[in-house]
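What follows is a single structure, written as structure tokens, with notes after it.
Protein chains get the first letters and strands the later ones, always in sequence-line order, with residue 1 at the start of each.
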Amino acid sequence: MKISGAQIIIETLIEQGCDTVFGYPGGSVLNIYDELYKKRDRIHHILTAHEQGAAHAADGYARVSGKVGVVIATSGPGATNLVTGIANAYLDSTPMVAITGNVDSTLLGKDSFQEVDTTGITMPITKHNYIVKDVTELADVVREAFMIAKSGRPGPVLIDVPKDVQKQFCEYAPVPVCRPKEQKEPDEKAVREAVKIIEESKQPYIYCGGGVVISGAGREVEQLAERIDAPIGFSMMGLSAVPSENRYNLGMTGMHGRFASIKSNAEADLIIAVGVRFSDRATGNKAKYTQKARVVHIDIDPAEINKNINSCHSINADVKKTLCALLNKLEKQHHPEWMQKVEDMRITETSHFHTDGRLHPKDIVEKVMEYTDGNVVIATDVGQHQMWASQYCRQRKPRRFLTSGGLGTMGFGMGAAIGGCIGAGGVRTVLFTGDGSFGMNLNELATAVSNELPLVVIIFNNGVLGMVRQWQTSFYEKHYSETTLNRKTDFVKIADAFGAKGFRASDINSLDDALKKAFSEKTPTVIDVMIDMNERVLPMIPPGASFDNIIIE
Amino acid sequence: MFDKQFVLGVLVSNHAGVLSRISGLFSRRNYNIDSLNVGVTENPAFSRMTIIARGDDCVREQIVKQLEKLHDVKKVEILPPDETVLREHLLIKIKVKKQTRSEIVESVNIFRGKVVDFNMDSMTVEITGESAKLDAFIRFASEYGIIEMCRAGALAVNRGVTSLSGDEDRFE
């Protein structure tokens with residue numbers, strides 16, 4: 001059967017199990033949108049307010065569902081607007097396929113209307129990308145793109161399709177869904193060596209990253225902690241892997257981690273690093289990081305081994321398979337002294353919390369959590385509120401905490417919350433954001449309203465760019481250069497204008513009231529929560545420093 | 001740690017954009033590259049690159065691993081210096097006078113070079129060899145005046161029957 005390139009794109013998307021796409025139409029993708037119109041019973045298209053929102057939504061959708069997120073945009077500005085979203089997915093290893101239209105292949109390179117070199121621009125931020133100039137290659141390119149996006153360490157793949165290729169006809173025959181390549185098995189000898197190192201350790205610490213969430217190995221991490229009697233600390237990307245109530249769970253480590261988590265990370269004699277890449281935000285001073293501890297590194301991506309931290313031993317394989325192999329061999333360990341030390345650190349941590357009756361960020365996060373159940377999707381933007389959410393959100397289910405880890409994209413939240421909500425089947429979704437971050441992509445409130453999503457947006461409103469201001473306070477002699485927003489924006493009215501409901505809260509009682517109302521709505525709501533502009537994220541380890549330099553007060 | 005020079009043999013898919021993927025990887029990951037040479041192989045589906053790069057042991061390990069992650073890269077190998085044939089190519093145009101002509105030709109012969117173009121005022125010489133030999137000839141030529149020169153990055157293959165693609169068995 002001969003069908004057009006545009007039809008091939010839609011048919012292969014359906015064939016690869018895609019039923020939801022995010023995007024924004026335009027001149028160079030008119031043919032694709034025409035086919036989407038004809039196939040609207042098979043593929044649900046979510047129209048966003050801006051292509052960046054669509055890319056973040058596809059990212060959030062993929063994070064929650066584990067499926068490949070698909071985003072479609074037109075040439076030129078459509079494609080460049082995707083760039084931040086693609087880079088975000090690349091740094092957080094989200095499987096994504098971005099499809100962009102381009103000008104006719106005869107017009108390529110002539111600075112035609114809405115023409116940019118999309119593949120050139122996105123080359124360093126994709127696992128792979130294509131420009132398809134021959135329609136007979138199109139179906140296989142889409143299939144291969146799905147394969148690459150899902151295989152090994154996931155990531156985004158972009159396919160650029162000139163408009164004339166979308167219009168050309170060729171033979172098409174459907175194939176079954178491409179299964180990703182079988183993930184790599186751990187080497188048996190390497191597993192035995194790791195078991196030996198773990199059994200020698202007196203003060204082991206499990207460092208759990210995003211790879212655990214992707215590999216679906218949260219349960220195995222819990223079993224490992226039980227088996228070897230060791231605390232678990234998390235990178236921000238790994239937070240949702242293990243429920244908060246697990247007694248070994250110390251929460252996030254790194255620059256703004258929880259005190260007990262950072263301290264036990266620093267005092268461990270062995271760090272079992274699982275699906276992490278030792279970001280500078282997580283390790284601080286790299287020389288000091290491994291001064292006391294040996295590192296056993298488990299990761300699917302061979303290039304992560306010895307990239308940022310030299311490990312004494314590594315296993316390059318799938319995290320889940322490796323943990324299962326380790327659990328098969330590891331004897332039960334007991335570390336009562338070490339676990340007592342960890343317990344004492346937790347008690348010290350509790351003494352750092354304020355109890356002065358003012359509305360502190362921790363109280364806000366905990367109050368919101370009271371209104372949520374285990375099914376909730378939580379998204380964050382980037383900045384102070386993100387750290388507070390990472391520190392204090394109760395984690396209940398893997399893949400339900402969406403945050404921009406590697407790229408640190410302000411404006412990620414609205415798109416991610418929309419995509420996450422849809423990816424989880426329209427469940428209650430909470431977005432923690434700041435007045436700065438929300439200002440970047442609040443236009444997507446329109447998308448949430450059109451799609452009647454049960455989204456509650458919590459704005460930590462301090463009138464400043466809090467995280468940057470905090471650095472200016474600590475390291476730039478309180479020169480508050482361009483971080484005081486001085487805006488007159490009324491977020492309650494904004495919500496109203498977009499067709500959502502808005503509330504304001506300035507103390508714990510008004511917050512409780514607002515939450516009660518917001519959580520009884522089935523459509524988007526916004527709660528503008530006023531907080532002090534001098535509120536800081538603590539603890540903090542200054543950039544490039546170690547636990548010795550921790551700032552507590 | 002010292003930055004050491006090393007030679008990479010890289011087998012890649014032979015299609016558009018591969019060169020910019022590879023060179024882009026070097027620039028975005030802040031790796032140093034001394035030279036890069038690319039050409040099609042006996043199998044038209046593949047091109048082979050010879051890359052001379054520089055870095056300590058960690059950087060070298062990372063370069064290989066990051067190259068291997070690229071979809072278009074089929075095989076990467078660090079070629080050990082003592083088991084590798086490595087050649088560079090130089091075209092150099094030298095100023096000549098009546099009095100200097102014969103001594104230049106004599107030197108070209110010593111360097112096993114070839115005179116490929118010649119007129120009253122200049123002589124273009126082609127020389128193949130390892131880097132140091134080419135450097136030596138360039139130093140020599142500069143005494144007479146270099147009008148222009150063009151130097152290609154190194155080409156390198158393993159000594160013996162082994163190959164980068166590893167399919168030498170097909171001849172048996």
Contact winner vs chain B - D301(A), I131(A), T119(A), heavy-atom pairs under 4.5 Å:
D301(A)
If I take atom CE from residue M147(A) and atom NE2 from residue H71(B), how far apart are they, to the nearest 0.5 angstrom?
9.0 Å
Taken to the nearest 0.5 Å, the spacing of H15(B) NE2 from Y130(A) OH works out to 8.5 Å
Go through it in stages, so that I can follow the logic: the residues are L70(B) and K127(A), the test is side-chain contact (heavy atoms from CB on, under 4.5 Å), and I'd like the CA-CA distance, side-chain angles, deciding distance and then a yes or no.
CA-CA 7 Å; L70(B) 296 179; K127(A) 267 186 98 175; over 6 Å; no
Where on R21(B) is there a heavy atom nearer than 4.5 Å to chain A: the side chain, the backbone, both, or neither?
both
Would you say [atom1] of [X] has more than 12 non-hydrogen atoms from neighbouring residues, nucleotides or ligands within 6.0 angstrom?
X: K286(A); atom1: NZ; value: yes
X: N119(B); atom1: CG; value: yes
X: K133(B); atom1: NZ; value: yes

Testing the basics here: between [X] and [Y], what is the closest heavy-atom pair and its distance to 0.1 Å?
X: R28(B); Y: P124(A); result: CD-CB, 3.3 Å
X: Q62(B); Y: I305(A); result: NE2-O, 4.0 Å
X: M123(A); Y: G17(B); result: CE-O, 4.1 Å

With side chains defined as the heavy atoms from C-beta onward, is the minimum distance between K307(A) and K65(B) less than 4.5 Å?
no
